[in-house]
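One structure below.
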Amino acid sequence: MDRAARPSLTNLFDLSGCLAIVTGGGGGIGLGIAEGLACARADIVIVERGDTTQALERLRLFDVRAHAINADVGQESDWSRIVAETVERFGRIDILVNNAGISLAKAPEAVSLSEWQMIIDTNLTGAFLGARAVYPELKRRGRGKIINIGSMTSWFGGSFNVPYTASKGGILQLTRGLAVAWGKDNIQVNAILPGFIETAFARRAKAAVPDLESKVLARTPAGRWGDPSDFAGIAVFLASRASDFISGAAIPVDGGYAVQL
Ligand code: NDP
């Protein structure tokens, strides 16, 4: 093999020239992922409903181009706009991270149909709509990466968040189905399953479930809650050539929570 063709860490993980869309990238895990991808030199589009000023400032510190699109991932028409605006501005899409997610702490018998639909629309339908919207562009380029964010509730039941659990279980099967359907197009589709991570989302869960903090600490071999920066490495791996023969996988990033008896 000639020297130039040998794998090197640079060509395995380098995302120079790539464009990644990260939904919910304005804060929390999404921003941790976006910063990881920017560190590997990808340009970033974050899709958010809220303010993105600080997130864009942080991403630009990596000397990449960063842009925000105000949109709701559960709306089909918003996805047409997200793809059109991204392609117009950057000329390409290489990576989609379906990260935006919401939950609701409530006993299942008290959940209304509109609450159920809001959670499924955002967490599961949003990921499907995003994947479907970027597919033509990934196919046209002859390669692509889709990363879906699941949860420990993709595997385990939670009594206080049944619609969320159903949506995150669905994320696993969406990931596997798309991995099978689009393998022929050289598109890899994988899921990351976060454990318990210190974000605004987690702070809301802790307020609603008083013993959550101590239960999580007791079960997590790492002895701590996760931080959004814990997602930078796995995101770069799943977005880069280093993972070209990995598809349909679900990788926990949980400090060992899922393997504790
Ligand atoms: P945050 O609440 O901190 O971030 C979620 C982001 O998604 C927010 O920026 C929110 O912004 C955005 N968002 C929500 N709904 C929509 C929508 N309809 N359209 C566009 N953006 C939206 O949560 P985390 O960072 O903690 O969570 C990120 C992902 O990780 C979620 O999918 C969550 O389910 C998952 N997860 C988190 C865990 C944790 O412990 N933190 C554990 C397991 C999984 P805005 O509302 O302003 O639009």
Side-chain angles (χ1 to χ4, degrees), residues 21-36 45-56 58-59 68-79 81-82 96-105 117-130 133 147-156 158 160-161 163-172 174-175 191-209 212-213 215-217 219-220 222 224-232 234-235 250-255 257-258:
I21 297 177
V22 183
T23 70
I29 293 171
L31 183 54
I33 287 174
E35 290 189 311
V45 167
I46 53 182
V47 173
E48 262 294 340
R49 293 177 306 181
D51 181 46
T52 54
T53 318
Q54 280 190 4
L56 290 176
R58 279 172 58 164
L59 290 169
I69 298 177
N70 203 262
D72 177 345
V73 295
Q75 297 293 324
E76 188 174 18
S77 56
D78 282 14
W79 273 107
R81 181 164 58 82
I82 293 162
L96 168 67
V97 184
N98 283 312
N99 163 79
I102 53 170
S103 188
L104 173 75
Q117 281 170 336
M118 186 179 62
I119 291 168
I120 299 291
D121 283 355
T122 304
N123 298 4
L124 183 56
T125 310
F128 165 69
L129 291 174
I147 303 169
N148 295 323
I149 305 304
S151 155
M152 287 295 105
T153 65
S154 298
W155 284 340
F156 304 119
F160 58 88
N161 56 3
Y164 179 78
T165 302
S167 72
K168 293 298 187 177
I171 280 286
L172 264 192
L174 176 69
T175 300
I192 298 172
L193 311 184
F196 291 81
I197 317 303
E198 292 286 4
T199 64
F201 180 98
R203 283 191 288 282
R204 288 190 294 274
K206 285 186 203 181
V209 185
L212 187 64
E213 170 91 42
K215 273 188 168 168
V216 167
L217 276 181
R219 188 176 160 165
T220 305
R224 65 174 176 90
W225 281 57
D227 182 81
S229 61
D230 289 318
F231 292 81
I234 186 75
I251 302 176
V253 177
D254 65 344
Y257 179 95

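Both counts, for ligands and for their atoms, begin at 1 and track the order of listing. Computed from heavy atoms alone, side chains included, the values below leave out hydrogens, waters and symmetry copies.
- Put simply, no part of G32 is less than 4.0 Å from ligand 1, judged by heavy atoms.
- Between the T220 side chain and the L217 main chain, no donor and acceptor come within less than 3.5 Å of each other.
- Shortest non-hydrogen contact noted between P252 and W155 is CG-CH2, 3.8 Å.
- Of all the heavy atoms of R204, the ones lying under 4.0 Å from any atom of ligand 1 belong exclusively to the side chain.
- Relative to atom 32 (O) of ligand 1, the option among N99, I149, D78 with the closest non-hydrogen atom is N99.
- Checking V253, D72, I171 against atom 18 (N) of ligand 1, the nearest heavy atom belongs to D72.
- Taking every heavy atom of E48 and a limit of under 4.0 angstrom, the matching atoms of ligand 1 come to 8 (C), 9 (O), 10 (C), 11 (O), 45 (P), 47 (O), 48 (O).
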Please assess N70 against T52 for the test side chain to side chain contact (heavy atoms under 4.5 Å, CB included), listing each intermediate value before the final yes or no. CA-CA 9 Å; N70 203 262; T52 54; 6.0 Å; no
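- For atom 5 (C) of ligand 1, the nearest protein heavy atom (residue, atom name, distance) is G101 O, 4.0 Å.
- Using modelled atom types, one side-chain atom of N99 and one backbone atom of G24 make a donor-acceptor pair closer than 3.5 Å.
- For K168, the closest heavy-atom approach to ligand 1 falls below 4.0 Å.
- Annotation: R49 places an N or O atom under 3.5 Å from an N or O atom of ligand 1; distance criterion only.
- For residues 191-208, the pairs satisfying side chain to side chain donor-acceptor pair (under 3.5 Å) are E198-K206, K206-E213, with sequence neighbours left out.
- Geometrically, ligand 1 and I29 share a nitrogen or oxygen pair separated by less than 3.5 Å.
- Ligand 1 has no N or O atom lying under 3.5 Å from any N or O atom of S151, backbone or side chain.
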So R224 and D230, salt bridge (Lys or Arg N to Asp or Glu O under 4.0 Å) or not? Walk me through it. CA-CA 12 Å; R224 65 174 176 90; D230 289 318; 3.0 Å; yes
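- Checked options N123, D121, T122, T125; the residue passing with S167 is N123 (criterion: side-chain hydrogen bond (donor to acceptor under 3.5 Å, both in side chains)).
- No more than 12 heavy atoms of other residues, nucleotides or ligands shown are found within 6.0 angstrom of CD on Q54.
- Here the protein heavy atom with the shortest distance to atom 19 (N) of ligand 1 is V73 N, 3.0 Å.
- With a 4.0 Å heavy-atom cut-off, ligand 1 is reached by the side chain of T199 but not by its N, CA, C or O.
- For ligand 1, the polar-atom distance check finds no N/O of G27 at less than 3.5 Å from any of the ligand's N/O atoms.
- Considering only non-hydrogen atoms, atom 39 (C) of ligand 1 lies nearest to I197 out of T23, N98, I197.
- With atom 23 (O) of ligand 1 as the reference point, the heavy atom nearest to it among Y164, F231, F201, W225 is part of F201.
- Residue, atom and distance of the protein heavy atom nearest to atom 12 (C) of ligand 1 are G24 CA, 3.7 Å.
- In this structure, atom 26 (O) of ligand 1 has protein heavy atoms in its sub-4.0 angstrom surroundings.
- Below 4.0 Å from some heavy atom of G50 lie the following atoms of ligand 1, by number and element: 47 (O), 48 (O).
- Residues satisfying the side-chain hydrogen bond (donor to acceptor under 3.5 Å, both in side chains) criterion with Q75, sequence neighbours excluded, are absent altogether.
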Give the intermediate values and the outcome of side chain to side chain contact (heavy atoms under 4.5 Å, CB included) for residues N148 and L172. CA-CA 8 Å; N148 295 323; L172 264 192; over 6 Å; no
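- The proximity of A71 to ligand 1, defined as any non-hydrogen pair under 4.0 Å, is limited to the backbone.
- If you look at F201 and Y164, their ring centroids are closer than 6.0 Å.
- Taking any N or O of I102, backbone or side chain, none lies under 3.5 Å from an N or O belonging to ligand 1.
- The existence of a salt bridge linking R49 and D78 is excluded, since no basic side-chain nitrogen approaches an acidic carboxylate oxygen closer than 4.0 Å.
- If you check the side chains of T23 and N98, you find no donor sitting under 3.5 Å from an acceptor.
- I171 and L124 get closest at one heavy-atom pair: N-CD1, 3.7 Å.
- Looking at atom 21 (N) of ligand 1, its nearest protein heavy atom turns out to be A100 CB, 3.7 Å.
- For ligand 1 and F196, the ligand atoms under 4.0 Å from any heavy atom of the residue are 40 (O).
- Assignment of G195 to the shell around ligand 1 is supported, since a heavy atom sits closer than 4.0 Å.
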